[in-house]
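First the structure, in the form of structure tokens, and then the observations on it.
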Amino acid sequence: MDKFVIEGGRPLKGVVQVGGAKNAALPILAATLLAEGKCRFRNVPDLRDIKTLLRILQELGAEIGRGEDGTLEIEMVYERNVTATYELVSKMRASFCVLGPLLARRGQARVSLPGGCVIGNRPIDLHLKGLRALGAEIEVRHGYVESRCKRLKGGEVYLGGHSGSTVLGTANVMMAATLAEGETTIVNAACEPEIQDLAGFLVKMGGKIEGAGSSQMRITGVERLQGVEYSVIPDRVEAGTFLVAGAITGGDVTVRGASSEHLSAVIDILKEVGVSLEKTDDGIRVKGPSTLKAVDVTTLPYPGFPTDIQAQLMVLLSVANGISVITEKIYPDRFMHVAELNRLGAQIRKEGPSAIVLGVKGLSGAPVMASDLRASAALVLAGLRAKGTTEVHRVYHIDRGYERIEERLESLGARIRREEE
Ligand code: EPU
């Protein structure tokens, strides 16, 4: 297992390129299960989570290769296996989005229940509700979701849960509906850019989808979808993480590829905190101010402030002037980073689904433990700001969602190195 050793207190300066969006690439790659012929992808990040999904697709009969120009190529050559095993699905919840396409294309699917998750309870009831509305017979047996259908039939489904819609649930139903007979309406569909990107891919393959990016989506089923070339959108969470890195170190960083449109809630909050942000031709330039202001923030579904940047923002607010309240409306227990940030000198108290952040003057380096992907990113940001040495243990979490983050931060002037424990 690796750890990061960070010598903090250096302002980051320069240009950093954002990679392809992990959370767009995962359902898009799963959608290759629907295609006839080869798909070619650009801008798929080289991440642990992507590798896990590719292994599942391989087990489900995909031939995977690299084109001469570095593109990722996927072709389904063997369509008989319909099982996604516990061994792989339990590694990453997003694997569950092979269920919809498998069912639509092969008439049968056996997908392991994803199991527990450190960021809180993450049920799959809405995924199943959506697929049942299309006529799938579904039973949960021995830890597996077993489902079958003749041909799925379009229907109307409401995908709202206690915290709004579901991103991967919308993806699952949408993918299944593209090959269903007739028309499907998803009411309270997720509006995230990653869903819009998946819709873009499905439409390019020949799917008929209207309203992607809004809360009501209409999908008209087609007989077949063809393999195509596609380029994945830039990762808004990674971009947001680099913006906070520039801001918290008092640096001057241009995040190339960052989409201002996808980050409007984040930009709005960062400006309120006092960070200077400027849209450039190909990204966003951030300059960290000498003093930061406290703000209150609530995470919400898109276009609200994303839960995936909550931990990173908390680090910034931990050194702001005043008291901030961060309320988590998507995953009320996603606060594993609080105790670790307090080890670095932050003063944060959890109160139900909120964290009360009392800004302190500075942070001081210490050993800390990463618990999940975004919490790990937050600890790295804290280490960049803290005086002295911070060791972030268990960084395998960060490798799930950020490609070679230490090299990219180093290119901006950070002192960070990876060491084997
Ligand atoms: N929910 C239900 N029932 C369901 C599904 C979800 O009640 O059947 C609830 C969840 O408990 C949660 C809310 O609905 O309270 C939203 O969950 P959602 O289903 O939208 O999450 P997800 O699709 O499983 C994706 C991202 C997460 C991100 C969330 C929210 C991927 C691969 N994952 O998860 O990303 O936090 O949307 O935006 O796209 C990450 O990248 O670090 C990450 C966790």
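Each ligand, and each atom within it, is numbered from 1 in the order the structure gives. Keep in mind the model is a prediction, meaning the values are calculated, not measured.
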For Phe41 together with Phe201, are the ring centres under 6.0 Å from each other?
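Centroid distance Phe201-Phe41: below 6.0 Å, so yes.
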Distance under 6.0 Å and angle within 45° of ring axis: Arg110 vs Tyr144:
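Cation-pi check for Arg110 and Tyr144: passes.
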Can you check whether Gln58 reaches Ile64 side chain to side chain, under 4.5 Å on heavy atoms?
yes
What are the atom names and distances for all N or O pairs under 3.5 Å between ligand 1 and the protein?
residue, atom, partner, partner atom, Å
ligand 1, 3 (N), Asp125, OD1, 2.7
ligand 1, 8 (O), Pro123, O, 3.3
ligand 1, 8 (O), Asp125, N, 3.1
ligand 1, 8 (O), Asp125, OD1, 3.1
ligand 1, 8 (O), Leu126, N, 2.7
ligand 1, 11 (O), Asn121, O, 3.4
ligand 1, 15 (O), Ser163, OG, 3.0
ligand 1, 15 (O), Ile330, O, 2.6
ligand 1, 17 (O), Tyr331, OH, 3.4
ligand 1, 19 (O), Thr166, OG1, 2.6
ligand 1, 20 (O), Val167, N, 2.7
ligand 1, 21 (O), Tyr331, OH, 2.9
ligand 1, 23 (O), Leu168, N, 2.8
ligand 1, 24 (O), Arg122, NH2, 3.1
ligand 1, 34 (O), Arg122, NH2, 3.2
ligand 1, 35 (O), Asn23, ND2, 3.3
ligand 1, 35 (O), Asp308, OD2, 3.1
ligand 1, 36 (O), Asp308, OD1, 2.7
ligand 1, 36 (O), Asp308, OD2, 3.4
ligand 1, 41 (O), Lys22, NZ, 3.1
ligand 1, 41 (O), Asn23, ND2, 3.0
ligand 1, 41 (O), Arg374, NH2, 2.8
ligand 1, 42 (O), Arg334, NH2, 3.3
ligand 1, 42 (O), Arg374, NE, 2.9

Check whether the side chains of His397 and Asp372 place a donor and an acceptor atom closer than 3.5 Å, and report yes or no.
no
Do you know which of Gln310, Gln312, Arg374 makes side-chain hydrogen bond (donor to acceptor under 3.5 Å, both in side chains) with His337?
Gln310
Got a list of side-chain donor-acceptor pairs under 3.5 Å for residues 298-308, not counting sequence neighbours?
residue, atom, partner, partner atom, Å
Thr299, OG1, Glu328, OE2, 2.8
Thr299, OG1, Lys329, N, 2.9
Tyr302, OH, Glu261, O, 3.4
Thr307, OG1, Glu328, OE1, 3.0
Thr307, OG1, Glu328, OE2, 3.3
Thr307, OG1, Arg334, NH1, 2.8
Asp308, OD1, Arg334, NH1, 2.8
Asp308, OD1, Arg334, NH2, 3.2

